[in-house]
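First up is the structure itself, then whatever we jot down about it.
Both backbone and side-chain heavy atoms feed into the values below; hydrogens, waters and symmetry mates do not. Residue numbering restarts at 1 for every chain, and letters A, B, ... go by the order of the sequence lines.
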Amino acid sequence: MSSPWPLVGRAEEFGLVCHALTSAGASGGVVVAGAAGVGKSRLAREASAHVVGSRRVCHQLFASESARSVPLGVFAEFAAHFGADPLRRIDEVITALTAARPTLSTVVSIDDAHLLDMQSALVVQQLFLRKAATVLLTLRSGEPAPDAITALYKDHGVPRLELQPLGPDDVASLLESALDGPVESASAQRLWRYTRGNVLYLRQLLEEELARGRLVSRYGVWVWVGHPEVSPTLGELIDANMGRHPRKVLDVLDIVATSEQVDMPVLLALVNPDAVSDAEARGLITVDSAADVVRPAHPLFVEARRRHLTTVRRRDLSRRLATSIGELCPPSPQRTVQRATLLADSHDPVDAVLFTEAANAALQLLDPALAVEFAERAMACGGGTAAQLTYALTLITFGNPVRGEAVIAELLDFAQTDVERAYITMLRAANLGWNLGSPDRADQTLSATDEVSAAAGLTSSYRALRASFHASRGRPDAALELLDGAEPHDAHPGAAMFAIWALVAAHGDLGDLTRLDAAARRGYQLAAAQPEASHMRFGLGSIHLDGLLTLGALRDASAVATELQDAARDIAPSQAMTALVCGMADLGAGNLASAQRKLRESLAIARDAHGSAELSGFWLITALAMAGDYDGACRQQEQALWTSSEEFVLWDPHRGLAHAWTEAAGGQVTIARETALAAADLARHQHRPAKEALCLQTATQFGDTSTADRLAELAIVVGGPRASAAAAHATALAADDGSGLLAASKAYEAFGDRVAAADAAAQSATVFRARGAKGSALTATSVAQLIAADTGADTIALRALAAPIALTPRQLEIISLAAAGLSNKEIAERLVMSVRSVEGHILRACQRTGIHSRRGLIALVTERTSDGDTTELT
Amino acid sequence: MTQRQREREEALDRLPLPYATALRLRDSGVDDAVIARCVGVDVDGLPTLVSIAKAKLAAAGFVE
């Protein structure tokens, strides 16, 4: 961690203080007030250092409790040898401080001026009134200060700057500076929330969490994986800042510390109303009048207070709170979870029914850790099948599908009725088909209980699931046929959501933008209305977004990603998914740096979350490769997980394109084209025309000229702007039409695919250049370079534009492979040609460019300095 | 809401909450003593806080 921390978020405050200290027309002083730890002293120090740099004399003094007991104690170094007459001593201190310098050119800075004794305060006042010096004072807000000090800003016009805690953005910037690396967004937000932007708390907390290994770097992103415990050091800091309070106020704080958020009626049932008012007036609690709840004013106050609670007291408070909540408040998922949490802590006799209800409530609230805890407690006290089912559902919902499958298989063995068996089978099939990526096995599981599903009223639910498995197998027509175009209305909410996933995926594959969006909207409404389907909105989001991006509705995709981000709770699995979808949206729009960051964040959080980690991994490969980071993309490929079975092909086109982009980043043009074309062929074979169009577009971006006819056919059947733009692009490329390629670039830019726009413009420039149309070539080059600079793209087409004019694409490709370290023999194998052909291309490249060595050619293409070596063409 | 008002709102959203709150309450004509209480500062510090808020608003991209 860097030390000292940079001064972040204080530019305006620093400017104001420095102006007050140095400006000719300034008032002669400034007071910086604020809470303990907010950064007053640091700001004053920085301003003082700045003043010294402008040739003023600055005396930095520090008031303290101990110096307060001695008259003129803070000025001891200036007052030690003077007489007993206080007024004379004050004059002599002022003279010693200012030493006959021009008025106001001396700055006297006093930290914690609220601790000054009366005589010292009088010195400060006289320095100001006599214009003998400029005063810079820091004061702790809420602490009484000597009248002589308060009069400065109340009566004499000295500006009082109330320094505020840092906002979330400034805390995030500060963390990134201190940790020298990006910090995962939700972690930064949590750290801000715990410390409320108080820099002193933040620093202390960061040091402790680093030391305890709860702040870790994953995939180049810092993630906070812990819940903070208040160390003795931090606790003392907080205790000191909280100050002393009467017992009745501490009782209020104890209750709030036990439950964090307390309904006002519950609190008033347990303590005297005057005590609540007193606690609020002391700034220890905040009252949300609209919701009628009480919360701690600062999260760390709660943590610090908990340290002081004895076990007996905590259990007693927990029990009383749980009882009052049950008696006084209308039931809700939040209150169910609250009561269960309190009762778990109270060690009262257990209630399996309450814990099962609380587990389901925690699931609805997307709190997997609590859901698992409550489900385990419910099972431990004999909760039966209901508790075990909830436990299994929690496991499979939040990232442990393998363990979930084991629990479900066990449940099936002990199922007592056909209805129970059918329901458990449905859950098992969903887990097998989607989380474990085995739709065939999932289908077989459903088939085994087809007969009982009808008796259990689950026929529609089974059909919904089967349709989703068709979609995951890349069979959109079969999915739509089974559903007859709409999700069944009598299906279990979870199954209905799977049907919607199927509809969205199928319409996305077939290129029906309107139906895709309509089905997705119905899905989000279902998630909002049905708790059982609530958590599935994020999986829906990834499929919805994929469809929008594939068809070219990129602005809609960004809007959907933003909506999902707003809906996400502060829970790792949903954060991982929203980071994924935001990364996907950024990638589609060509915001490559932002896409890489968000996808890394998703990976960093999702280390323990199945599914999203796999998707984030291969999207990150594409984002890295599009930016030309071949090594990074290869490293990511080595780490990428893919646990789904072969029949789960939903994401295969993108996995194929990730490989193609990586090969392109490595200069392997021919292979990249072949990979993209192979992905297109596969999509065509599966009858997924929208995905096929995307793959063919990519091949076109790589310079393949065989895609025009097929893209023209697809443009008729696939909705959205992408297919027609790609068709125009391919036609222009095949015809060597520079103007057509530039028009295609504009078409891509119009709907937001900026990387494709850059590629088409670069190809246009290459065509114009080859024809000697210098003006048009310059125009197209400018377009390409502008977009490339904005997106960070570094693609085959852009590199070809930057390459020496004399080289052919094949020569460029061979030299790029040589630059990657391949020998001529390896290049020949890679490009399926003879070694002699490779050598021939290199020789001709040398003749064209006037360069005499292989190394020189590599240097020319990669812009490294040539060492003038004239040997070794192999 | 005009485009300029929208831009101002967006810039206010980027400010730390006490500054945004102070400016919004000022816009609504709320008394300084009430604003100071809402924001949690001494009333003598409010003029400087508003001045800083305006400077931060300008830094966030909106110059008044």
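- Residues B:I35 and B:L46 form a side-chain contact, since some pair of their non-hydrogen atoms from C-beta on lies under 4.5 Å apart.
- Residues passing the side chain to side chain donor-acceptor pair (under 3.5 Å) test with A:D586 are A:N591, A:S594, A:K598, sequence neighbours excluded.
- Between A:D112 and A:L139 there is no side-chain heavy-atom pair separated by less than 4.5 Å.
- In this view, A:L122 and A:I90, A:Q125 satisfy the side chain to side chain contact (heavy atoms under 4.5 Å, CB included) rule, not counting sequence neighbours.
- Counting heavy-atom pairs closer than 4.5 Å to chain B, the top-ranked of the candidates A:L163, A:L161, A:V31 is A:L161.
- With sequence neighbours excluded, the residues satisfying side chain to side chain contact (heavy atoms under 4.5 Å, CB included) with A:A172 are A:A188.
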Extract the chain A to chain B donor-acceptor pairs under 3.5 Å, no hydrogen or angle test applied.
unit_1: A:G9; atom_1: O; unit_2: B:K56; atom_2: NZ; d: 3.1
unit_1: A:E12; atom_1: OE1; unit_2: B:K56; atom_2: NZ; d: 2.9
unit_1: A:E13; atom_1: OE1; unit_2: B:K56; atom_2: NZ; d: 3.1
unit_1: A:E13; atom_1: OE2; unit_2: B:Y19; atom_2: OH; d: 3.0
unit_1: A:E13; atom_1: OE2; unit_2: B:K56; atom_2: NZ; d: 3.3
unit_1: A:K154; atom_1: NZ; unit_2: B:D44; atom_2: OD2; d: 2.6
unit_1: A:R160; atom_1: O; unit_2: B:T48; atom_2: OG1; d: 3.2
unit_1: A:E162; atom_1: OE2; unit_2: B:D42; atom_2: N; d: 3.1

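- Among all heavy-atom pairs drawn from A:A113 and A:I149, the shortest one is O-CG1, 4.4 Å.
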